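Note: hydrogens, waters and symmetry copies are ignored here, and every other heavy atom, side chains too, is used. Since the model is a prediction, treat every value here as computed from it, not as a measurement. For this chain, numbers begin at 1 and follow the sequence in order.
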Amino acid sequence: MSDNLLEMKGITKAFPGVLALDQAHFSVKHGEVHALLGENGAGKSTLIKILSGAVERDEGEIWFDGRSYAHYSPHDAIQMGISVIYQEFNLIGKMSIEENIFLGKETRKGIFADKQAMFQKAREVFKPLAGDIDPSEKVSNLSVAYQQLVEISKAILNRAKLIVMDEPSAALSTRELDILYKLIQKLKSEGTSVIYISHRLEEVFEIADRVSVFRDGKFVDTKMVSDTNKEELISLMVGRKLSGKFPQNNQKSNEVILKVQGLTNHKLRDISFDLRRNEILGITGLVGAGRTELVRSIFGADPFIGDIYVKGVKADIRSPQDAIRYGISYLPEDRKTNGILLEMSVRFNMSIASIKKFARHGFVNQKMENKTVQKFVDAIRIKTPSLEQKSKNLSGGNQQKVILGKWLACESDIIIFDEPTRGIDVGAKQEIYSLMNQLVQEGKSIIIVSSELPEVIGMCDRVLVICNGMITAEFDKRELSQELILAKACSEGEPA
């Protein structure tokens with residue numbers, strides 16, 4: 001019997017104008033956790049779609065549990081014992097945990113669904129993962145972490161031999177991460193294999209046995225985790241050495257460009273702070289502390305009471321359109337849902353917020369529009385074959401750049417980044433950091449909301465810490481440390 005549960009050999013897949021995979025190979029042993037790494041566009045997603053039966057390979061062989069498979073569907077893959085948990089969960093929010101777990105495979109008593117049996121089975125499967133949560137609870141009421149556990153429960157119920165987890169930790173808190181890691185170790189101890197895809201290299205060393213790296217559609221190398229290090233994996237991923245250093249902001253100004261006073265709503269309590277020209281201001285805290293609600297309020301997306309001043313003038317901001325008029329832009333945490341229209345072109349996404357600049361007598365001057373968009377595509381180095389490329393075909397880092405380009409075209413002076421590098425590979429992260437630094441050198445002001453403490457400490461001139469809707473601390477760059485930030489992020493005391 002082979003040590004390998006899965007073997008993929010010589011896998012090739014081409015899309016129009018793109019060779020997504022080029023003679024790639026990948027294997028997973030019985031009962032191992034195998035990390036799969038690579039920059040956006042490396043071919044990881046295509047490989048997993050082929051494994052799941054969602055995409056047909058052009059060339060190559062797939063062996064699973066000792067048997068060769070030429071063609072199979074997603075349904076066949078599940079029957080084989082392959083379950084894939086994507087970043088966008090395949091759940092129905094209005095249905096209960098139990099109903100989601102059994103959707104399409106209901107237990108029956110005669111011609112009727114046996115609700116009692118399904119409820120009991122759902123409790124048996126879900127309880128070891130999530131304690132005493134009621135299986136009749138609606139999925140829409142669950143946190144992202146617990147929705148993920150519902151997906152894993154579905155895989156367990158399907159008797160999955162191999163579970164693929166695509167960026168499972170992207171939206172999880174430290175406590176929720178601990179739950180996920182313990183669950184993965186439990187699955188491994190029971191003989192289930194796991195493919196773990198992540199941009200967080202520290203996770204690889206926490207949970208994986210082996211790690212494989214892809215670059216530009218090709219397999220690069222497989223390493224035992226115990227025999228490698230972070231620097232080597234980064235070098236394999238990007239094909240070059242990265243400095244690992246954050247760019248330093250040498251521009252200083254005392255000019256207050258944004259003043260927030262007494263901002264209060266259902267989540268926030270009496271928030272006040274200033275943002276200066278040429279400054280990168282960080283906002284951090286635990287998940288649910290009110291970080292995103294704060295910047296959404298400043299952008300006019302959430303209602304609030306309180307005062308906002310832009311360049312010394314009291315701003316009447318009740319909608320995003322008002323904020324844009326005052327020169328405020330916002331790159332949201334969930335860019336695929338709220339920041340970019342994936343089915344539309346790069347040109348459309350980058351010009352839509354400033355389309356009035358290109359309109360004359362009700363008609364759009366396409367030559368002027370294209371010239372402006374191309375200027376920003378070149379300036380921030382967006383990798384796209386053309387301005388008419390659909391945004392969904394770009395990597396995560398380039399999608400983030402398209403959203404940034406949209407706001408640069410609006411000539412925004414205040415740019416808010418909410419989790420700017422979530423789901424972005426290490427090479428693209430450094431490009432985003434360099435772009436931020438370039439923007440503040442040019443006189444812009446930036447607010448970064450981030451859960452990544454090294455990012456906050458490395459990039460920000462000042463940091464505000466939020467806990468339970470209040471600012472509990474403000475730190476200058478020279479004072480910053482992860483221990484101080486975490487202590488104040490958990491503080492239940494008086495506001496700073």
### Message
side-chain hydrogen bond (donor to acceptor under 3.5 Å, both in side chains), that's the test. Do Asp302 and Ser297 meet it? Break it down for me.
### Response
CA-CA 5 Å; Asp302 285 349; Ser297 297; 4.7 Å; no

Donor-acceptor pair, side chain of [X] and main chain of [Y], under 3.5 angstrom:
| X | Y | result |
| --- | --- | --- |
| Gln399 | Ser391 | yes |
| Ser68 | Trp63 | no |
| Asp418 | Thr292 | no |
| Ser235 | Glu231 | no |

### Message
Quick one, Gln374 with Leu387, criterion side chain to side chain contact (heavy atoms under 4.5 Å, CB included). Give me CA distance, side-chain angles, the key distance, then yes/no.
### Response
CA-CA 7 Å; Gln374 188 65 57; Leu387 300 185; 3.5 Å; yes

### Task
Could you walk me through whether Glu293 and Arg296 pass the salt bridge (Lys or Arg N to Asp or Glu O under 4.0 Å) test, one step at a time?
CA-CA 5 Å; Glu293 288 82 357; Arg296 280 178 56 87; over 6 Å; no

Residues two or more places apart in sequence or in another chain: which of them pass salt bridge (Lys or Arg N to Asp or Glu O under 4.0 Å) with [X]?
| X | answer |
| --- | --- |
| Glu7 | Lys9 |
| Glu206 | none |
| Asp216 | none |
| Lys371 | none |

Which distance, rounded to the nearest 0.5 Å, do you find between the [atom1] of [X] and the [atom2] of [Y]?
| X | Y | atom1 | atom2 | result |
| --- | --- | --- | --- | --- |
| Lys182 | Ile207 | NZ | CD1 | 14.5 Å |
| Ser83 | Ile85 | OG | CD1 | 7.0 Å |
| Leu162 | Thr192 | CG | OG1 | 9.0 Å |
| Leu5 | Asp65 | CG | CG | 5.5 Å |
| Ile447 | Ile416 | CD1 | CD1 | 4.5 Å |
| Glu232 | Thr228 | CD | OG1 | 3.5 Å |

Least distance between heavy atoms, [X] atom then [Y] atom:
| X | Y | value |
| --- | --- | --- |
| Asn100 | Met95 | ND2-O, 3.4 Å |
| Phe64 | Met80 | CE2-O, 3.3 Å |
| Pro247 | Met459 | CD-SD, 4.0 Å |
| Cys410 | Ala353 | SG-CB, 3.5 Å |
| Leu21 | Gly43 | CD2-O, 3.5 Å |
| Ile92 | Val139 | O-CB, 4.0 Å |

### Message
When you compare the side chains of Gln366 and Asn370, does any donor N or O come within less than 3.5 Å of an acceptor on the partner?
### Response
no

### Query
Does any donor atom in the side chain of Glu32 or Ser193 lie under 3.5 Å from an acceptor atom in the other side chain?
no

Just wondering, do [Y] and [X] contact through their side chains at under 4.5 Å, heavy atoms?
| X | Y | result |
| --- | --- | --- |
| Thr46 | Ile11 | no |
| Gln482 | Ile485 | no |
| Leu404 | Phe417 | yes |
| Leu342 | Lys390 | no |
| Ile446 | Leu439 | yes |
| Leu51 | Tyr72 | yes |
| Ser412 | Ile324 | no |
| Leu6 | Lys29 | no |

### Worked check of side chain to side chain contact (heavy atoms under 4.5 Å, CB included) between Ser198 and Glu167
CA-CA 5 Å; Ser198 178; Glu167 294 287 351; 4.2 Å; yes

### Query
So Glu203 and Tyr181, side-chain hydrogen bond (donor to acceptor under 3.5 Å, both in side chains) or not? Walk me through it.
CA-CA 9 Å; Glu203 295 186 324; Tyr181 292 164; 3.2 Å; yes

For [X], enumerate each residue passing the side-chain contact (heavy atoms from CB on, under 4.5 Å) test, keeping only those at least two apart in sequence or located in another chain.
| X | answer |
| --- | --- |
| Lys218 | Asp22 |
| Ser450 | Glu419, Ile448, Glu452, Glu455, Val456 |
| Thr384 | Val346, Val377, Ile382, Gln389, Leu394 |
| Lys357 | Ser354, Glu411 |

### Task
Using the test side chain to side chain donor-acceptor pair (under 3.5 Å), find all partners of Ser434 that sit at least two apart in sequence or belong to another chain.
none

### ring pair (Phe, Tyr, Trp, His ring centres under 6.0 Å) partners of Phe26, counting only residues at least two apart
His34

### Query
Should we say atom CD of Gln185 is surrounded by more than 12 heavy atoms from elsewhere, each under 6.0 Å from it?
yes

### Query
Do Leu435 and Lys401 pass the side chain to side chain contact (heavy atoms under 4.5 Å, CB included) test, and can you show the C-alpha distance, the side-chain angles, and the key distance before you say yes or no?
CA-CA 9 Å; Leu435 281 171; Lys401 288 183 181 181; 4.2 Å; yes

#### Entry: Lys223 with Asp221: basic N within carboxylate O range, under 4.0 Å
yes

### Whether Tyr433 and Phe246 hold their rings parallel, tilted or perpendicular, with breakpoints at 30° and 60°
tilted

### Task
Could you go through the side-chain hydrogen bond (donor to acceptor under 3.5 Å, both in side chains) check for Glu369 and Ser351 one step at a time?
CA-CA 7 Å; Glu369 179 190 19; Ser351 64; 2.6 Å; yes

### Query
If you look only at pairs with a residue in residues 284-303, which of them pass as a ring pair (Phe, Tyr, Trp, His ring centres under 6.0 Å), with sequence neighbours excluded?
Phe299-Tyr330, Phe299-Trp407

### Task
Assess whether side chain to side chain contact (heavy atoms under 4.5 Å, CB included) is satisfied between Val211 and Thr222, documenting all intermediate values.
CA-CA 6 Å; Val211 53; Thr222 294; over 6 Å; no

### Query
salt bridge (Lys or Arg N to Asp or Glu O under 4.0 Å): which pairs involve residues 41-58, sequence neighbours left out?
Lys13-Asp58

